[in-house]
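Contents: one structure, followed by commentary.
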Amino acid sequence: MVVVNLVRVGARACLVEVEDAVTAASLATWARESGPAADEIVPAATTVLFDGVDPAEVAAALPHWSRDAPPARGPVVRVPVTYDGPDLEAVAAHWGCSADEVVALHTSLELVALFSGFAPGFSYLSGLPAERSVPRLESPRARVAPGSVALADTWCGIYPSASPGGWLVVGTTDVVLWDADLPQPALLAPGTRVRFEVAG
Amino acid sequence: MSGVEVVDPGPLSTLQDRGRRGWAHLGVPRAGALDRGAAALARRLVGGAPDDAVIETTMGGITVRTRRAVTLAVTGAPCEVRAGGRAVAHGAPVTVPAGTLVVVGPATSGVRSYVAFAGGVDVPPVLGSRSTDTLAWVGPPRLAAGQALALGMPGVLPEPPDVVVVRRPGRVVRLARGPRADWMDAEAWAALDGATYAVAADSDRIGLRLDGPRVPRRAGELPSEGIVLGAVQLPPSGQPVVFLADHPTTGGYPVVAVVEDDDLDLCAQLRPGDEVELRVV
């Protein structure tokens, strides 16, 4: 029996609260495959939103979810990065190492897309060690270029389009993150594993 | 099938149907007609199907020229409608010949008028919908001068209703407590219930920004979480934001309340400067 907190969101939606994004991703994966019918199932940092549902049905279904159910394990996508970001040195300073060592660490990780949001194609990539956590910019930039590879807290993300942004930008990539004409429009859908590499 | 040509799209005219479902986890807003009741009435008046795309105008209206005989209807925000120079009724179907200039004038009250054509506007759907979302611009682009819009095959016109009931726009928006209602204390709730807010100038299809009494709330930050249509977010400024159809799919400010579904059509027609009373139910 899994004990989780279910919070009502109006008449036709609810949030299920869990302890972290990995658990939220696991719950969302299970719910899509065998959970109650919903218009939208939206995992986030510590919650899963069920929209277009009878909250009582969600409450009744939740005990069937095993907390050990793994999150979706998607394909590995390689993302070539030119590490020339304006905040590369700032990240190095936070980590107490050189810019080269930042690149070496970033390209050694296998990150996992846990949830999306903010803009179509933007994925929150998990896998940066806790001791490599970085703060957001004190004042967000008015415009971050598309393809910017950036860090905040222990998350990594790639801006799919130009937008304001407060994450620390370490580099740029020219992979296409979003194409609405494709059957799977997001390159880094939840579950996708991501390896960064130095662009050749 | 050729249909109509956009002569002047006005300040913002978009195509809208009932919106996009099932893509919020990839960051794609639902979009869809903001005044759902008015859009549904317009479709019904021309014999359309529930998923037909209609034009949603914003304040300034739209001018189109027909390329063949077309049955159309205009609903939503009241406005003058002229076809070939003649006044035609708002909220009723009218059939005009090819080459007719149809002028949907500026809204005399409210914000959004809907123009439905028999057969529906036929553009390729994007992710299952012909709606334009103005947050990420997924879907067909906003309408532009010179653009030709194809129309689908007209269905059979329904018997027109004897009376078209147009709800007089109220000025009360009812709120249910939301998932983060506990970020406000009892005193803040008491102050919010019955408070009057003015609709701010930067309100749009994404959300209504409200200017009025500052609502105090707990300090701190919330991890980002999924957002529903009608969510009332309370940023640190204490000025509530009501999320409409093009809202971001996740957000980090607490959702303290959710607008009652029946009041969302009213929210679609509130103009900057209009006053609304928030009532907690």
Side-chain angles (χ1 to χ4, degrees), chain A residues 5-17 20-21 24-25 28-29 31-32 38-53 72 113-124 136 153 155 160-161 163 177-178 180-191, chain B residues 18-32 124-129 133 135-141 174-182 221-232 243 246-252 254-264 281:
Chain A
N5 201 22
L6 183 143
V7 188
R8 294 283 294 258
V9 184
R12 298 255 304 136
C14 58
L15 282 168
V16 177
E17 297 180 324
D20 56 32
T29 302
R32 270 178 214 296
D39 287 345
E40 303 284 1
I41 296 171
V42 187
T46 58
T47 56
V48 178
L49 172 70
F50 292 81
D51 195 3
V53 291
L114 288 184
F115 65 97
S116 299
F118 172 69
F122 186 89
S123 289
Y124 289 81
R136 286 176 168 76
D153 193 28
W155 297 102
S161 51
S163 72
L177 294 154
W178 178 257
D181 291 332
L182 296 179
Q184 298 295 331
L187 179 69
L188 307 182
Chain B
R18 292 193 294 183
R20 219 165 251 113
R21 295 289 161 90
W23 298 98
H25 64 293
L26 296 184
V28 180
R30 75 173 58 211
V126 177
L127 302 178
S129 165
D133 116 69
L135 179 70
W137 296 101
V138 174
R174 292 165 300 164
L175 309 179
R177 284 170 178 260
R180 306 299 167 207
D182 61 347
E221 287 190 25
L222 187 72
S224 275
E225 58 189 24
I227 294 175
V228 299
L229 177 64
V232 181
F243 276 131
D246 293 355
H247 66 81
T249 58
T250 59
V255 172
V256 293
V258 179
V259 172
E260 294 274 287
D261 198 68
D262 283 350
D263 291 349
L264 287 170
V281 295

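Numbered from 1 within each chain, the chains take letters A, B, ... in sequence-line order.
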Smallest separation among heavy atoms of A/E40 and B/H25, with atom names
OE1-N, 4.4 Å
Nearest-0.5 Å distance that lies between atom CG in B/L26 and atom CG in A/L187:
11.5 Å
Just wondering, do B/R30 and A/D51 contact through their side chains at under 4.5 Å, heavy atoms?
yes
If you compare all heavy atoms of B/G226 against all heavy atoms of A/V42, which two are closest, and at what distance to 0.1 Å?
CA-CG1, 4.3 Å
What part of A/P183 gets within 4.5 angstrom of chain B, counting heavy atoms only: side chain, backbone, both, or neither?
backbone
I'd like to know which of B/G251, B/G27, B/A176 tops the heavy-atom pair count under 4.5 Å against chain A.
B/G27
Chain A heavy atoms under 4.5 Å from B/P179: which part of the residue, side chain, backbone, both or neither?
both
Got a second to check how far A/F115's CZ is from B/S224's OG, nearest 0.5 Å?
6.0 Å
What pair of heavy atoms forms the shortest contact from B/T250 to A/S116, and how long is it?
CG2-O, 3.9 Å
Residue, of A/F122, A/W178, A/Y124, that accumulates the most heavy atom pairs under 4.5 Å with chain B
A/W178
I'd like to check A/R12 versus B/L229 (side-chain heavy atoms, cut-off strictly below 4.5 Å). Are they in contact?
no
Can you tell which part of B/L222 gets under 4.5 Å to a heavy atom of chain A, answering side chain, backbone, both or neither?
neither
Shortest non-hydrogen pair, A/T46 vs B/P223, comes out as OG1-CG, 3.8 Å
Quick one: closest heavy-atom pair of B/V228 and A/A13, and the distance?
CG1-CB, 3.8 Å
Would you indicate whether the side-chain heavy atoms of A/S161 and B/W137 approach each other to under 4.5 Å?
no
Please look at A/I41 and chain B and tell me whether the side chain, the backbone, both or neither of the residue comes under 4.5 angstrom of a heavy atom of that chain.
backbone
How close do A/A180 and B/V126 get, counting heavy atoms only, and between which atoms?
CB-CG1, 3.7 Å
Tell me, out of B/L127, B/T249, B/D261, who's got the most heavy-atom pairs with chain A below 4.5 Å.
B/L127
Is it the backbone or the side chain of B/A24 that comes under 4.5 Å from a heavy atom of chain A, or both, or neither?
both
Pick whichever of A/A186, A/A113, A/P190, A/P185 has the most heavy-atom pairs under 4.5 Å with chain B.
A/P185
